[in-house]
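Here the structure comes first, spelled out in structure tokens, and everything after it is commentary.
Computed from a predicted model, the values in this text were never measured in an experiment. These numbers come from the heavy atoms of this one structure, side chains and all, not from hydrogens, waters or symmetry mates.
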Amino acid sequence: MSTAECAALRCTGLVKRYGPVLAVDGLDLDVRAGECFGLLGPNGAGKTTTIEILEGLLEPDAGTVEVLGHRWADGARRLRERLGIQLQETRLEEKLTVEETVRLFRAFYREGRSVDEVVRFVELQAKRRSRVGRLSGGQRQRLAVACALVGRPDLLFLDEPTTGLDPQSRRQLWALLEVFRRDGGTILLTTHYMDEAEALCDRVAIVDRGRVIALGSPAELIASLGAAHVIEFALAEPGVPPSDDRLRALPGVSDVRRENGAVQLASDVPHLAVPALLAAIAGDGARLALLTTHSATLEDVFVALAGRHLRDT
């Protein structure tokens with residue numbers, strides 16, 4: 001099967017400006033049929049603008065978009081019947097019940113799932129006759145996904161679907177998306193939660209300032225750091241951390257990064273690197289104010305590429 005036949009979504013050279021602000025800067029994406037593809041990055045990176053262009057809600061200033069082998073100008077109505085869309089802020093009528101809301105969205109499609117099937121799929125049977133205004137945040141998000149699924153889409157767009165949800169609600173939504181994937185659906189997901197991307201996505205594109213700065217599977221991108229663990233430390237005032245050359249000479253340390261007064265060491269053998277680090281700090285007569293270790297994540301990939309944490313943007 002050719003690449004073109006496998007692509008559920010493709011954009012090339014995508015550009016979008018808002019006055020002097022360049023929100024999307026020549027962005028290229030290729031989403032394969034049947035995969036969960038993550039579009040990752042900080043707030044303001046251009047993720048929502050990109051996904052709204054791909055959904056046909058915004059016109060790009062430049063570039064081409066193909067969705068399920070078609071362009072929006074070729075037949076928007078036919079395309080929309082094959083898509084499910086959950087916006088970053090889905091505002092539903094609070095006086096309607098769960099059942100009435102799903103039935104309303106079902107009426108927009110010539111074919112699709114039954115209301116019963118969708119309500120059962122998102123596990124809202126017990127809330128079927130509850131008004132939207134009485135639902136919890138997690139229940140509202142599941143209802144928004146139900147509205148996106150009711151047309152039995154081939155391609156599902158999810159824009160920050162778990163923002164503001166508690167951990168249990170996030171896990172429940174993840175489970176629903178895994179079932180959709182197993183049934184052959186394709187997902188394009190935007191998120192700034194790196195753990196979510198690692199749990200759900202086959203491949204991810206990390207976007208910063210409207211450009212793709214990294215692309216690959218979560219495992220491939222994490223492996224690109226060259227180490228499986230990150231050791232972070234900071235010294236109490238007035239201590240001065242050892243130089244980068246001294247730190248790189250420590251056993252098992254492969255890279256050194258500095259940020260906001262803290263130092264991060266990449267290492268495959270933290271059980272060797274940490275004792276050596278402590279000995280070096282003690283030898284300088286300095287004291288630790290912070291010492292943590294963790295397995296390398298997509299957050300660390302972003303820091304290595306962009307020079308800052310997602311939470312700092």
When Asp25 is tested against each of Arg17, Arg211, Lys16 for side-chain hydrogen bond (donor to acceptor under 3.5 Å, both in side chains), which residue passes?
Arg211
On a heavy-atom basis, which atom in Ala205 and which in Val212 lie closest, and how many Å separate them?
CB-CG1, 4.2 Å
What are the two closest non-hydrogen atoms of Arg152 and Gly112, and how far apart are they?
NH2-O, 3.8 Å
Glu198 and Leu298: CA distance, side-chain angles, deciding distance, side-chain contact (heavy atoms from CB on, under 4.5 Å) verdict:
CA-CA 8 Å; Glu198 290 180 39; Leu298 287 173; 3.6 Å; yes
Do Val230 and Leu265 have side-chain heavy atoms sitting under 4.5 Å apart?
no
Who pairs with Pro251 by side chain to side chain contact (heavy atoms under 4.5 Å, CB included), at least two apart in sequence or on another chain?
Leu272, Ala276
Mind listing the side-chain donor-acceptor pairs of residues 159-166 below 3.5 Å, one per line with the distance, residues two or more places apart or on another chain?
| unit_1 | atom_1 | unit_2 | atom_2 | d |
| --- | --- | --- | --- | --- |
| Asp159 | OD1 | Thr190 | OG1 | 2.3 |
| Asp159 | OD2 | Thr48 | OG1 | 3.2 |
| Glu160 | OE1 | His192 | N | 3.4 |
| Glu160 | OE1 | His192 | ND1 | 3.3 |
| Glu160 | OE2 | His192 | ND1 | 3.4 |
| Thr162 | OG1 | Glu196 | OE1 | 2.5 |
| Thr162 | OG1 | Glu196 | OE2 | 3.3 |
| Asp166 | OD1 | Gln168 | N | 3.0 |
| Asp166 | OD1 | Ser169 | N | 2.9 |
| Asp166 | OD1 | Ser169 | OG | 3.3 |
| Asp166 | OD2 | Ser169 | OG | 2.9 |

Looking only at non-hydrogen atoms, find the nearest pair between Val24 and Gly46 and report the distance.
CG2-O, 4.0 Å
Would a hydrophobic clustering, with Ile, Leu, Val, Met, Phe, Trp and Tyr connected at side-chain separations under 4.5 Å, put Leu225 with Val269?
no
Val301-Leu200 co-clustered via ILVMFWY side chain contacts under 4.5 Å
no
Minimum heavy-atom distance Leu156-Ala148, with the two atoms named
CD1-CB, 3.7 Å
Candidate pair Ile187 and Phe157, rule side-chain contact (heavy atoms from CB on, under 4.5 Å), full reasoning:
CA-CA 6 Å; Ile187 299 173; Phe157 289 94; over 6 Å; no
Spell out, yes or no, whether Val65 and Leu57 are grouped together once hydrophobic residues are joined by side-chain heavy atoms under 4.5 Å, including indirect joins.
yes
Could you grab the distance from atom CG of Leu9 to atom CG of Asp154, nearest 0.5 Å is fine?
12.5 Å
List the steps and the verdict of side-chain contact (heavy atoms from CB on, under 4.5 Å) for Thr191 and Lys47.
CA-CA 8 Å; Thr191 182; Lys47 303 189 307 298; over 6 Å; no
For the student: nearest non-hydrogen atoms of Ala234 and Ala262, plus distance
CB-CA, 4.3 Å
How long is the straight-line distance from CG of Leu143 back to CG of Leu92, given to the nearest 0.5 Å?
5.5 Å
Does any part of the side chain of Leu235, heavy atoms only, come nearer than 4.5 Å to the side chain of Ile281, both counted from C-beta?
yes
For Arg257, I'd like to know if atom CZ has over 12 heavy atoms of other residues, nucleotides or ligands within 6.0 Å.
yes
Flag side-chain contact, heavy atom, 4.5 Å: Asp255 against Arg248
yes
The side chain to side chain contact (heavy atoms under 4.5 Å, CB included) partners of Arg78 (sequence neighbours excluded) come to none
Donor-acceptor check, side chain of Trp72 to backbone of Leu54, threshold 3.5 angstrom: yes or no?
yes
Glu94 vs Arg140, salt bridge (charged side-chain N to carboxylate O under 4.0 Å, His left out): CA-CA, chis, key distance, verdict:
CA-CA 10 Å; Glu94 297 203 346; Arg140 286 188 184 219; 3.2 Å; yes
Thr101 OG1 to Lys95 NZ distance, which is reported to the nearest 0.5 Å:
13.5 Å
Residues in ring-ring contact (aromatic ring centres under 6.0 Å, His included) with Phe105, at least two apart?
Phe108
Exam field: side chain Arg80 to backbone Gly56, donor-acceptor pair closer than 3.5 Å
yes
Hphob cluster co-occupancy, Tyr193 + Leu188, side-chain heavy atoms under 4.5 angstrom
no
Pairs satisfying side-chain hydrogen bond (donor to acceptor under 3.5 Å, both in side chains), at least one member in residues 51-68, at least two apart:
none
With the threshold set at 4.0 Å, does a side-chain nitrogen-carboxylate oxygen contact exist between Asp28 and Arg10?
no
Would you mind reporting whether Asp195 and Arg170 have side-chain heavy atoms less than 4.5 Å apart?
yes
Hey, could you give me the OG/CD distance between Ser130 and Glu99, rounded to the nearest 0.5 Å?
11.0 Å
Contact summary for Ser267 and Gly252, nearest pair of heavy atoms
OG-O, 2.9 Å
Is any side-chain heavy atom of Leu124 closer than 4.5 Å to a side-chain heavy atom of Val102?
no
State whether the side chain of Arg129 and the backbone N or O of Thr97 hold a donor-acceptor pair below 3.5 Å, judged by distance alone.
no
Would Arg113 count as a cation-pi partner of Phe121, with NZ or CZ less than 6.0 Å from the six-membered ring centre and within 45° of the ring normal?
yes
Side-chain (Asp183) to main-chain (Phe180) donor-acceptor, under 3.5 angstrom
no
For the backbone of Arg32 and the side chain of Glu35, can you confirm whether one donor and one acceptor N or O come within less than 3.5 Å of each other?
yes
With a 4.5 Å limit on heavy-atom distance, are the side chains of Ile231 and Val253 in contact?
no
Surrounding CZ of Arg134 (heavy atoms of other residues, nucleotides or ligands, distance under 6.0 Å), is the total greater than 12?
no
Set out, in order, the CA-CA distance, both residues' side-chain angles and the distance that settles side-chain contact (heavy atoms from CB on, under 4.5 Å) for Thr49 and Tyr18, then state yes or no.
CA-CA 10 Å; Thr49 298; Tyr18 295 103; 3.6 Å; yes
Quick check on the hydrophobic clustering: are Val119 and Leu173 connected, directly or via other members, by side-chain heavy-atom contacts under 4.5 Å?
yes
Does the side chain of Pro60 reach to within under 4.5 Å of the side chain of Val15, using non-hydrogen atoms?
no
The criterion is side chain to side chain donor-acceptor pair (under 3.5 Å); which residues satisfy it with Asp284, sequence neighbours excluded?
Arg246
Side-chain contact test, heavy atoms from C-beta onward, threshold under 4.5 Å: evaluate it for Leu39 versus Val204 and give yes or no.
no
Using a 6.0 Å cut-off, check whether atom CZ of Arg128 has over 12 heavy atoms from anything other than its own residue.
yes
Enter the distance from Leu79:CG to Glu81:CD here, rounded to the nearest 0.5 Å.
10.5 Å
Just verifying a value: how many Å separate Ser217 OG and Arg203 CZ, rounded to the nearest 0.5 Å?
9.5 Å
